Amino acid sequence: MPVLAGAEPFHHEGGEVAVLLCHGFTGSPQSLRPWAEHLAEHGLTVSLPLLPGHGTRWEDLRITGWQDWYAEVDRALRLLCERHETVFVAGLSMGGALALRLAAKHGDAVRGVMLVNPANKVHGLAAHALPVVRHLVPATKGIASDIAKPDGRELGYDRVPLHAAHSLRQFFQATDRELPQVTQPVLLMRSPQDHVVPPADSARILSRISSTDVKEVILEQSYHVATLDHDADRIHEESLAFIGRISSALGKEPGLGKEGTTAGG
């Protein structure tokens with residue numbers, strides 16, 4: 001199936017400091033595109049891949065699993081690390097969990113982690129029924145476009161395939177066990193009004209990671225997809241400040257003001 005217009009991956013080759021952005025479950029790079037472009041405009045190298053099964057139709061997601069999604073961001077990180085010594089990872093929702101697992105697995109190759117409303121668990125009684133129900137019901141209603149901004153729209157599926165949701169639950173369980181291996185500086189930005197991921201997920205993550213350099217930012221005016229919401233500029237500013245501080249401490253220049261080349265739709 002062709003990729004939906006606007007859901008294409010994004011890559012910008014900028015300065016020596018690089019950022020890998022991971023989008024969320026049933027979403028697409030569109031939800032992080034303004035964030036990616038802002039970082040690129042400030043001279044950073046930016047990679048924003050399209051996860052397998054996403055950005056086309058929900059039926060395509062049904063035949064993928066968390067190993068496929070993680071393999072794609074792991075591949076993208078390895079490519080960045082081949083050319084850049086200073087690499088950050090970031091993500092929204094499930095993308096936050098992907099970023100955390102990358103940090104846990106790759107250690108010092110990841111210099112910092114930036115999270116927006118990161119997910120840690122599939123909640124509700126229905127989650128426990130997924131192993132059985134997924135064989136009886138193909139999909140349930142979607143979770144895309146939880147945005148306070150009246151004209152905000154996320155390009156995501158209107159259905160959630162339950163086979164993929166079951167795999168997502170397994171991924172969260174695996175990643176939760178690995179959180180103590182996360183030691184890098186962490187910037188966690190969350191919305192108190194989030195209709196997809198409850199505050200308990202951020203609290204759980206912060207209680208489990210081993211990082212000592214941690215900053216939590218409250219996005220008061222946004223819902224779940226804060227990257228497309230009223231607090232998008234705040235996310236951009238906090239991210240640049242975080243990257244600049246960590247990079248400077250490592251003796252690296254973030255690459256502000258450098259031109260580069262961009263690929264993507």
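Along the sequence shown, residues carry numbers from 1. Note that the structure is predicted; figures quoted are calculated from it, not measured. In what follows, every heavy atom counts, from backbone to side chain, and hydrogens, waters and symmetry copies are set aside.
Side-chain N or O atoms of Ser28 include one that pairs as donor or acceptor with a backbone N or O of Leu155 at under 3.5 Å. Side chain of Gln221 to backbone of His230: no donor-acceptor contact under 3.5 angstrom is found. Between the side chain of His23 and the main chain of Leu51, a donor-acceptor pair closer than 3.5 Å is present. Put simply, the side chain of Asp68 gets close to the backbone of Gly65: a donor and an acceptor are under 3.5 Å apart. Although no hydrogens or angles enter the test, the distance criterion places no donor-acceptor pair under 3.5 Å between the side chain of Arg190 and the main chain of Pro199. With hydrogens and angles disregarded, no donor-acceptor distance shorter than 3.5 Å links the side chain of Ser248 to the backbone of Arg245. Of the possible polar contacts, none joining the Gln184 side chain to the Gly112 backbone as a donor-acceptor pair under 3.5 Å is found. Of the possible polar contacts, none joining the Ser93 side chain to the Ala119 backbone as a donor-acceptor pair under 3.5 Å is found. Side-chain atoms of Thr45 do not come within 3.5 Å of backbone N or O of Glu13 as any donor-acceptor pair.
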Practice item. Let me see the working for Asp74 and Arg101 under side chain to side chain contact (heavy atoms under 4.5 Å, CB included), right down to the final yes or no. Key: CA-CA 9 Å; Asp74 184 79; Arg101 190 167 202 262; over 6 Å; no
Check your understanding: Phe88 and Ile246: side chain to side chain contact (heavy atoms under 4.5 Å, CB included), yes or no, with the steps?
Key -> CA-CA 10 Å; Phe88 293 80; Ile246 303 301; 3.7 Å; yes
Point to revise | Step-by-step side chain to side chain contact (heavy atoms under 4.5 Å, CB included) determination, Val113 to Leu102 | key: CA-CA 9 Å; Val113 184; Leu102 289 171; over 6 Å; no
Practice item. Determine, step by step, whether Gln67 and Ser167 satisfy the side chain to side chain contact (heavy atoms under 4.5 Å, CB included) criterion, reporting the C-alpha distance in whole Å, the side-chain angles of both residues, the deciding distance to 0.1 Å, and the verdict. Key: CA-CA 9 Å; Gln67 295 89 345; Ser167 185; 4.3 Å; yes
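Summarising the geometry, atom OG1 belonging to Thr56 is positioned 7.5 Å from atom CG belonging to Leu50; distances are rounded to the nearest 0.5 Å. The distance from the CG atom of Asp146 to the OG atom of Ser191 is 8.5 Å, given to the nearest 0.5 Å. Here the straight-line distance linking atom CG of Leu32 with atom CD of Glu37 works out to 11.0 Å at 0.5 Å rounding. The CG atom of Asp176 sits 4.0 Å away from atom CZ of Arg204, with the distance rounded to the nearest 0.5 Å. In this structure, CD in Gln181 is found 10.0 Å from CZ in Arg208, a value given to the nearest 0.5 Å. For the atom pair CZ (Phe242) and CE (Met114), the distance works out to 6.5 Å, reported to the nearest 0.5 Å.
In this model, no donor atom of one side chain and acceptor atom of the other lie less than 3.5 Å apart for His224 and Asp229.
The shortest distance between side-chain heavy atoms of Val214 and Leu188 does not fall below 4.5 Å. A heavy-atom distance below 4.5 Å is not found between the side chains of Pro185 and Ser211. Residues Met94 and Leu98 are in side-chain contact: their nearest non-hydrogen atoms beyond the backbone lie under 4.5 Å apart. When side chains are defined from C-beta on, Leu61 does not count as touching Arg159, because their heavy atoms never get closer than 4.5 Å. Using a 4.5 Å heavy-atom cutoff, the side chains of Pro198 and Lys121 are not in contact. Using a 4.5 Å cut-off on side-chain heavy atoms (C-beta onward), Glu220 and Pro192 make contact. Using a 4.5 Å heavy-atom cutoff, the side chains of Leu48 and Trp35 are not in contact. Considering only heavy atoms from C-beta on, Leu228 comes within 4.5 Å of Pro34 through its side chain.
The 12-atom threshold is exceeded at CZ of Arg83, counting heavy atoms of other residues, nucleotides or ligands nearer than 6.0 Å. Other residues, nucleotides and ligands contribute more than 12 heavy atoms inside 6.0 Å of the CD atom of Glu59.
Linking ILVMFWY residues whenever their side-chain heavy atoms come closer than 4.5 Å, directly or via other members, places Val217 and Val116 in the same cluster. Follow the hydrophobic side-chain contacts under 4.5 Å out from Val3 and you never reach Phe25; the two are in separate clusters. Taken together through direct or relayed side-chain contacts under 4.5 Å among Ile, Leu, Val, Met, Phe, Trp and Tyr, Ile143 and Leu4 form parts of separate hydrophobic clusters.
Between Phe10 and His12, the ring-plane angle classifies as parallel under the 30° and 60° cut-offs. Classified by interplanar angle (parallel below 30°, tilted 30° to 60°, perpendicular above 60°), the ring pair His54/Tyr157 is parallel.
Taking every heavy atom of both residues into account, His38 and Leu240 meet most closely at NE2-CD1, 3.4 Å. Nearest heavy atom pair, residue Pro118 against residue Ser202, reads CD-OG, 3.7 Å. Considering every non-hydrogen atom in both Leu179 and Ile205, the closest pair reads CD1-CA, 4.0 Å. When every heavy atom of Val160 is checked against every heavy atom of Gly142, the shortest pair comes out as CG2-CA, 3.8 Å. Of all heavy-atom pairs between Pro49 and Pro29, the closest is O-CG, 3.6 Å. Taking each heavy atom of Ser31 and Leu92 in turn, the nearest pair found is OG-CD2, 4.0 Å.
Note on Arg57 versus Asp60: salt bridge recorded, some NZ/NE/NH1/NH2 to OD/OE distance being below 4.0 Å.
Between Arg234 and the options His236, Glu237, Glu238, a side chain to side chain donor-acceptor pair (under 3.5 Å) holds for only Glu238. Residue Val46 forms a side chain to side chain contact (heavy atoms under 4.5 Å, CB included) with just one option from Leu80, Leu20, Leu39, Val17, and that option is Leu39.
Remark: His195 engages Tyr223 in a ring-ring contact (aromatic ring centres under 6.0 Å, His included) (not counting sequence neighbours). With sequence neighbours left out, the ring-ring contact (aromatic ring centres under 6.0 Å, His included) criterion links Phe172 to no other residue. Annotation: salt bridge (Lys or Arg N to Asp or Glu O under 4.0 Å) contacts of Asp194 (sequence neighbours excluded): none.
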